[in-house]
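Scroll down for the structure; my scribbles are underneath it.
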There are 2 protein chains.
Amino acid sequence: MGSREYGQFCGLARAAEVLGQRWTMLILRDLLVGPRRYSDLVAGLPGIPTNLLATRLKELERDGIVVREARDRPDRSIVYRLTARGADLGPALDALGRWGAATMHAPRDGEIVTDASLTTALRVAAQGGRAPDQQSVTYTIRAGDAVAHAVVRGRQVEVAPGESPSPDLVLTAGPGFRDLLAGAITPEEALADGSVEITGDPDLLDAFAATFVVPYATRALDNR
Amino acid sequence: MGSREYGQFCGLARAAEVLGQRWTMLILRDLLVGPRRYSDLVAGLPGIPTNLLATRLKELERDGIVVREARDRPDRSIVYRLTARGADLGPALDALGRWGAATMHAPRDGEIVTDASLTTALRVAAQGGRAPDQQSVTYTIRAGDAVAHAVVRGRQVEVAPGESPSPDLVLTAGPGFRDLLAGAITPEEALADGSVEITGDPDLLDAFAATFVVPYATRALDNR
DNA sequence: CGGGATCCCCCGAGATACTG
DNA sequence: CAGTATCTCGGGGGATCCCG
């Protein structure tokens, strides 16, 4: 048994052999947002040793999860893209992200938010909410140095990193923004205490809070 | 940033800090089946260093995922049990197991099946199938040295490790059993080529194959 | 005998410098 | 931009030992 295998004919063991390697889940999180260059990945994963990123990308390519695209690029840049098999990890990684977010109250010291993590968080949040019936609405969300935007058309929510050219509402996350996503505070309270600052129609903040929901884990009194 | 953290305020990063540690996913897989003693875990995880198991259990306890129950046990044994927070990992780990199983054709050299992994596989398989309308049916499934049993009542499927006292059908998995679960071969073919051996009513094998389904990943021709 | 703790070795991760 | 090279160091693997 190699240092990566578990010696068990088990689906979870096979998944653990891939995802249990350090940094792999975060690399895949960023690639789930879209194809990325090596330097994009380095920028979105502060602290990752560059040799480790190179090793992981090779492993993921060998395992059929990622493809390295070099040819047919006029700008000669190299792009890493998920295969269909890699994209199949989306539901599982979203479920893990939802589980992790359920006890995530405030950032630990020095913790940052990246465009990819914010985009992922909003994608997961969109699965937990239910957009009110209305025409197309575009949000831009800022959290720390990260920016993402979301376009909501009926039940359809599309989230992408970066600015939106023409947002209906711009939200800037404050210290209690996570509480707003959990429904622990109302949009009105969030505005009052600086949990969120907005530019645009305040009524749209109610729509936002209904569309994007990430509940907190209920603290069981009896912990069994 | 410690050697376990990622320095990102991100749900998936938080999950990775727990599940990215070696052996942790398999420990949780076994505990999802039910409370287990230290020695049960050692037996179900061949190759795990005992000190590492002890370390992991302490970390999981500190993180509120596992509780250690010592008191009130007449036989003085210690049992590890998932908290509500730990049990919340069920859907995410099942999704990971489904992803891993989708490309799992045959065991690699020396790979084994444990009671817990077989039980987990059947639980995941029950989510992918649809039991035909019938009265209560009990199956006993053997794969390698592992044994599990399942009780199917309508849409309700309950899977547990070990023998069933009174099974309606006993299945012993052969080399092509995985193909049967994927629907790549019919129950008749599976019987003919030794992919499965049964004791009991052969018609129940059709019901089994409809109830427990784990599809193979479709091999995309265009791998994007 | 169940439930660990201790020890040593070594590989993989971190950090940083360097290169095609 | 996209990695490779090199070094150091901590955590995992493996065996053994210990304690109630």
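Lettering follows sequence order; numbering is per chain, from 1.
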Could you tell me how far apart [X] ([atom1]) and [N] ([atom2]) are, to the nearest whole angstrom?
X       : N      : atom1 : atom2 : answer
B:Leu52 : D:dA15 : CG    : C1'   : 15 Å
A:Ile27 : D:dA2  : CD1   : P     : 15 Å
B:Glu5  : D:dG10 : CD    : C1'   : 14 Å
B:Glu61 : C:dG3  : CD    : C1'   : 14 Å
B:Ile78 : C:dC1  : CD1   : P     : 18 Å
B:Glu69 : C:dG2  : CD    : C1'   : 17 Å
A:Met25 : C:dA13 : CE    : P     : 13 Å
A:Arg68 : D:dC1  : CZ    : C1'   : 11 Å

**Prompt:** Is the shortest side-chain N to carboxylate O distance from B:Asp115 to B:Arg36 below 4.0 Å?
**Reply:** no
**Message:** Looking at D:dA2, I'd like to know if its phosphate oxygens (OP1 or OP2) sit under 4.0 Å from a side-chain N or O belonging to A:Lys58.
**Reply:** no
**Request:** Could you tell me whether the phosphate oxygens of D:dG3, OP1 or OP2, come under 4.0 Å of any side-chain nitrogen or oxygen in A:Tyr80?
**Result:** yes
**Asked** Considering only heavy atoms and no angle criterion, is a donor-acceptor pair shorter than 3.5 Å present between the side chain of B:Asn51 and the base of C:dG4?
**Response** no
Looking only at side-chain atoms of [X], point me to the closest of [options].
X       : options               : value
B:Ser77 : C:dG3, D:dG3, C:dG14  : C:dG3
A:Ser39 : D:dC1, C:dA13, C:dG4  : D:dC1
B:Arg22 : D:dG12, C:dA5, D:dT4  : D:dG12
A:Tyr38 : D:dG13, D:dT4, C:dG14 : D:dT4
B:Gln21 : D:dG12, D:dG3, D:dT4  : D:dG12

**Complete:** Assign each of B:Leu57 and A:Gly47 the nucleotide of DNA chain C bearing its closest heavy atom; nearer the 5' end lies the nucleotide of B:Leu57
Heavy atoms under 4.0 Å, any strand shown: does [X] hit a base, just sugar-phosphate, or nothing?
X       : answer
A:Ser3  : sugar-phosphate
B:Thr50 : base
A:Arg4  : nothing

**Prompt:** Is it the case that A:Thr103 and B:Arg14 place a side-chain donor and acceptor less than 3.5 Å from each other?
**Reply:** no
**Request:** Go through the side-chain N and O atoms of A:Arg108 and B:Gln8 and say whether any donor and acceptor fall under 3.5 Å apart.
**Result:** no
**Asked** When the ring planes of B:Phe208 and B:Tyr139 are compared, do they come out parallel, tilted or perpendicular, using 30° and 60° as the limits?
**Response** perpendicular
**Asked** Parallel, tilted or perpendicular: which describes the rings of A:His105 and A:Tyr216, with under 30° parallel and over 60° perpendicular?
**Response** parallel
